[in-house]
Q: 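First, the structure itself, so that you have it in front of you.
These numbers come from the heavy atoms of this one structure, side chains and all, not from hydrogens, waters or symmetry mates.
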Number of protein chains: 2
Amino acid sequence: MQTLSTEDYLKAIYHVSQSSSGAVATTSIAKQIGAKPSSVTDMFKKLSDQNLVKYQKYQGVSLTNEGVKTALRIVRKHRLWESFLVSHLNFNWDEVHQVAEQLEHIQSEKLTNELERFLDYPTHDPHGDPIPNRALFMKTYSKILLTELPVNKEGVCIGVKDNSSGFLRYLDRRQIGIGTTLQVLHREDFDDSLHIQAGKSTLMITKKTAENIYVKP
Amino acid sequence: MQTLSTEDYLKAIYHVSQSSSGAVATTSIAKQIGAKPSSVTDMFKKLSDQNLVKYQKYQGVSLTNEGVKTALRIVRKHRLWESFLVSHLNFNWDEVHQVAEQLEHIQSEKLTNELERFLDYPTHDPHGDPIPNRALFMKTYSKILLTELPVNKEGVCIGVKDNSSGFLRYLDRRQIGIGTTLQVLHREDFDDSLHIQAGKSTLMITKKTAENIYVKP
DNA sequence: AAAAATATTTAGATTAAACTAAATTTTTAA
DNA sequence: TTAAAAATTTAGTTTAATCTAAATATTTTT
Ligand SMILES: [Mn+2]
Ligand SMILES: [Mn+2]
Ligand SMILES: [Mn+2]
Ligand SMILES: [Mn+2]
């Protein structure tokens with residue numbers, strides 16, 4: 001049984017390892033967790049003792065099979081709770097993260113599984129991220145960044161890369177959300193900004209914004 | 001903002017002070033929390049520094065106004081979560097305590113208030129205990145122990161004193177629960193056991209059992 | 001290939017929350 | 001009203017999780 005802190009580290013290692021290849025560096029976790037690198041080194045040793053990560057001095061860590069499973073169990077709970085907060089408790093998608101960060105540590109298999117049933121076995125959370133099922137398997141459908149969508153081809157927004165409250169509220173103001181139909185009308189060569197059709201309105205977004213929106217072509 | 005541990009102590013002090021008069025003794029909290037008396041003394045000092053309890057060496061503690069409010073906020077969350085687990089997640093009343101013990105520490109006013117709304121402002125938890133509302137006020141209706149119910153007078157079970165899983169499952173087996181109509185048919189002088197009508201069946205219960213069932217006459 | 005910059009680890013300290021064992025105070029009972 | 005029992009506190013340790021500052025290793029740049 002893990003402590004709250006080890007669970008957060010495992011999850012952070014999992015997330016970083018998903019978005020980059022090779023071993024996970026001390027500093028990257030320090031940034032993610034908001035701790036000093038020396039603290040991260042301590043934790044790497046602790047996780048290594050528990051066989052949850054493979055650790056070589058100065059070479060970073062990688063999750064063992066057991067480590068991945070433990071991380072996925074936390075991710076599963078995190079995303080189920082986020083779904084619950086949005087679908088039943090009137091939370092907006094930019095408000096759920098902080099609370100799910102706490103709820104993901106509640107220890108009760110029955111609670112997790114009943115919550116999943118209550119939500120009718122959701123496959124994706126409010127940010128479009130896949131929810132591992134009871135067997136920790138998750139359905140990941142193919143997606144591309146909005147920057148990669150060919151001009152004039154329609155796509156549907158199915159997720160975001162940046163989950164920050166700032167970005168999510170910005171999308172709210174632009175009326176872009178999961179399910180919104182998107183189409184690139186024109187790509188500006190000068191600054192890579194995009195003229196897009198979002199639902200019924202046309203608007204301009206920067207490259208940086210487009211790089212954080214996933215679409216299904 | 002409190003830590004998980006200080007919250008559990010405050011709640012324990014609150015509960016003990018409810019069921020007995022005067023200051024709360026070190027040992028009583030040690031038993032409740034499952035810690036050594038020396039640890040309890042340490043915590044009493046810490047809570048006293050934060051002005052959550054009044055503490056005099058060797059004389060026990062009593063909650064300050066602020067301490068009562070903090071305790072009630074935890075109790076509110078605990079009972080709301082218990083209600084949710086039973087009403088929506090198929091938990092039995094004997095299974096909820098351990099999970100609510102964790103959930104009560106989640107910090108989010110919005111979560112608590114939205115949960116309360118979702119449950120339609122329940123006034124009592126699955127064990128018949130009153131749920132403090134947003135203003136921390138709780139409706140306590142008058143209740144008596146089954147031992148005090150006059151022979152042949154009908155009453156309705158509205159709560160239990162002992163919340164242990166063992167006792168609750170025993171009541172399940174006897175088909176006694178919140179809402180069950182109860183009537184004492186005969187009181188045995190020899191051992192104080194009771195012959196009762198519980199819903200549609202008649203059965204015999206000991207004094208010890210009757211002392212842990214609250215009824216509304 | 002050395003120097004400089006960056007990343008990582010080590011050493012030592014701190015804080016919260018527990019513990020054990022010993023000392024002290026209060027309560028109960030002879 | 002003293003002696004014994006029970007309750008409580010103190011003193012000193014332990015463990016998890018963090019930190020700072022200094023030392024060391026790796027990577028990048030000249
Ligand atoms: Mn977390
Ligand atoms: Mn999410
Ligand atoms: Mn608790
Ligand atoms: Mn209860």
Side-chain angles (χ1 to χ4, degrees), chain A residues 1-13 16-17 19-63 67 70-71 74 101-102 104-107, chain B residues 1-13 16-17 19-63 67 70-71 74 101-102 104-107:
Chain A
M1 186 150 296
Q2 302 307 309
T3 65
L4 190 143
S5 191
T6 56
E7 291 189 341
D8 280 337
Y9 272 89
L10 286 171
K11 191 165 59 108
I13 296 167
V16 170
S17 69
S19 60
S20 64
S21 64
V24 172
T26 307
T27 338
S28 62
I29 296 302
K31 259 174 212 141
Q32 186 94 160
I33 295 267
K36 300 292 164 186
S38 53
S39 307
V40 175
T41 301
D42 282 349
M43 187 56 90
F44 280 1
K45 288 177 186 162
K46 205 172 305 172
L47 293 173
S48 180
D49 290 344
Q50 300 180 250
N51 288 309
L52 294 165
V53 301
K54 194 160 296 186
Y55 170 54
Q56 292 208 115
K57 260 196 203 179
Y58 295 99
Q59 304 306 312
V61 290
S62 61
L63 291 170
T70 309
I74 316 295
E101 202 55 49
Q102 302 174 60
E104 70 190 357
H105 303 290
I106 304 291
Q107 309 274 338
Chain B
M1 188 153 292
Q2 301 308 308
T3 66
L4 190 144
S5 190
T6 56
E7 291 189 342
D8 279 337
Y9 272 88
L10 285 172
K11 192 166 59 105
I13 295 168
V16 171
S17 70
S19 60
S20 63
S21 65
V24 171
T26 307
T27 335
S28 61
I29 296 303
K31 259 174 214 144
Q32 186 95 160
I33 296 268
K36 300 292 165 186
S38 53
S39 308
V40 175
T41 300
D42 282 351
M43 187 56 89
F44 279 1
K45 287 176 185 164
K46 205 173 306 171
L47 293 173
S48 180
D49 289 344
Q50 300 180 251
N51 287 310
L52 293 164
V53 302
K54 195 159 297 186
Y55 170 54
Q56 291 208 116
K57 263 196 201 178
Y58 295 99
Q59 304 306 312
V61 290
S62 61
L63 291 170
T70 309
I74 317 295
E101 202 54 49
Q102 302 175 59
E104 70 190 357
H105 303 288
I106 304 293
Q107 306 276 337

Q: Determine the contact category for B/Phe44: base if any of its heavy atoms lies under 4.0 Å from a base atom, sugar-phosphate if only primed atoms, P, OP1 or OP2 are that close, otherwise nothing.
A: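 No contact.
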
Q: More than 12 foreign heavy atoms under 6.0 Å from CD of A/Gln107: is that the case here?
A: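 Yes, CD of A/Gln107 has more than 12 neighbouring heavy atoms, counting only those of other groups under 6.0 Å.
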
Q: Is B/Ser39 touching bases, backbone alone, or none of the nucleic acid, heavy atoms closer than 4.0 Å?
A: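 Since a base atom lies under 4.0 Å of B/Ser39, the category is base.
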
Q: Kindly say if B/Tyr55 contacts the phosphate of D/dT9, meaning a side-chain N or O under 4.0 Å from OP1 or OP2.
A: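 B/Tyr55 to D/dT9 OP1/OP2: side-chain N or O found under 4.0 Å.
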
Q: Contact class for A/Thr26 vs. all strands (heavy atom < 4.0 Å): base, sugar-phosphate, or nothing?
A: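 Since only primed, P, OP1 and OP2 atoms lie under 4.0 Å of A/Thr26, the category is sugar-phosphate.
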
Q: Starting at the 5' end of DNA chain D, which residue's closest nucleotide do you reach first, A/Lys36 or A/Lys57?
A: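 With A/Lys36 and A/Lys57 compared, the 5'-side residue is A/Lys36.
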
Q: A/Gln56 has an atom CD; how far is it from atom P of D/dT26, in whole Å?
A: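 Distance check: A/Gln56 CD to D/dT26 P gives 11 Å.
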
Q: Report the C-alpha distance between B/Ile106 and A/Ile106 in whole Å, list the side-chain angles of each, state the deciding distance to 0.1 Å, and finish with yes or no for side-chain contact (heavy atoms from CB on, under 4.5 Å).
A: CA-CA 9 Å; B/Ile106 304 293; A/Ile106 304 291; 4.0 Å; yes

Q: Taking NZ from B/Lys45 and P from C/dA18, how many angstroms apart are they, rounded to a whole number?
A: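 B/Lys45 atom NZ is separated from C/dA18 atom P by 15 Å.
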
Q: Within the structure, does a side-chain N or O atom of B/Lys46 lie under 4.0 Å from either OP1 or OP2 of C/dA17?
A: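 Yes, such a contact exists.
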
Q: What's the CG-C1' distance between B/Leu4 and C/dA18, to the nearest Å?
A: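 Value for this atom pair: 14 Å.
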
Q: State which of C/dT25, D/dC19, C/dA18 makes the closest approach to the side chain of B/Tyr58.
A: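 When the side chain of B/Tyr58 is considered, C/dT25 is the closest of C/dT25, D/dC19, C/dA18.
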
Q: Roughly, in whole Å, what's the span from CG in B/Asp42 to C1' in D/dT9?
A: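 Atom CG in B/Asp42 sits about 9 Å away from atom C1' in D/dT9.
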
Q: Output the single nucleotide from C/dA18, D/dT9, D/dC19 whose closest atom is nearest the side chain of A/Ala35.
A: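 The answer is D/dC19, which lies nearest to the side chain.
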
Q: Find the distance B/Asp8:CG to C/dA17:P and express it as a whole number of Å.
A: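 Roughly 11 Å, once rounded to whole Å.
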
Q: Once you round it to whole Å, what is the distance between P of C/dT24 and CD of B/Gln59?
A: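 Computing the B/Gln59:CD to C/dT24:P distance gives 18 Å.
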
Q: Just to confirm, is there a sub-4.0 Å distance from OP1 or OP2 of C/dA18 to any side-chain nitrogen or oxygen of B/Ser5?
A: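 Yes, within the criterion.
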
Q: Among C/dA17, C/dA18, D/dC19, which is the nearest nucleotide to the side chain of B/Thr3?
A: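 The listed nucleotide nearest to B/Thr3's side chain is C/dA17.
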
Q: Kindly indicate whether the side chain of A/Leu4, heavy atoms from C-beta on, has any atom under 4.5 Å from the side chain of A/Gln102.
A: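 Result no, sub-4.5 Å side-chain heavy-atom pair not found.
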
Q: Rounded to the nearest angstrom, tell me the gap between atom CG in A/Asp49 and atom P in D/dT15.
A: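 A/Asp49 atom CG is separated from D/dT15 atom P by 14 Å.
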
Q: So for A/Ser38 and D/dT20, does any side-chain atom that can act as donor or acceptor lie under 3.5 Å from a complementary atom in the base?
A: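 Yes, the side chain and the base share a sub-3.5 Å donor-acceptor pair.
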
Q: Kindly give the heavy-atom pair with the smallest separation between A/Gln32 and A/Ala12, and that separation in Å.
A: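 Closest heavy-atom pair between A/Gln32 and A/Ala12: CG-CB, 3.7 Å.
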
Q: Any heavy-atom pair between the side chains of B/Val61 and B/Leu47 that's under 4.5 Å?
A: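 Result no, sub-4.5 Å side-chain heavy-atom pair not found.
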
Q: Between C/dT9, D/dA17, C/dT10, which nucleotide has the shortest distance from any of its atoms to the side chain of A/Pro37?
A: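 Closest of the options to the side chain of A/Pro37: C/dT9.
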
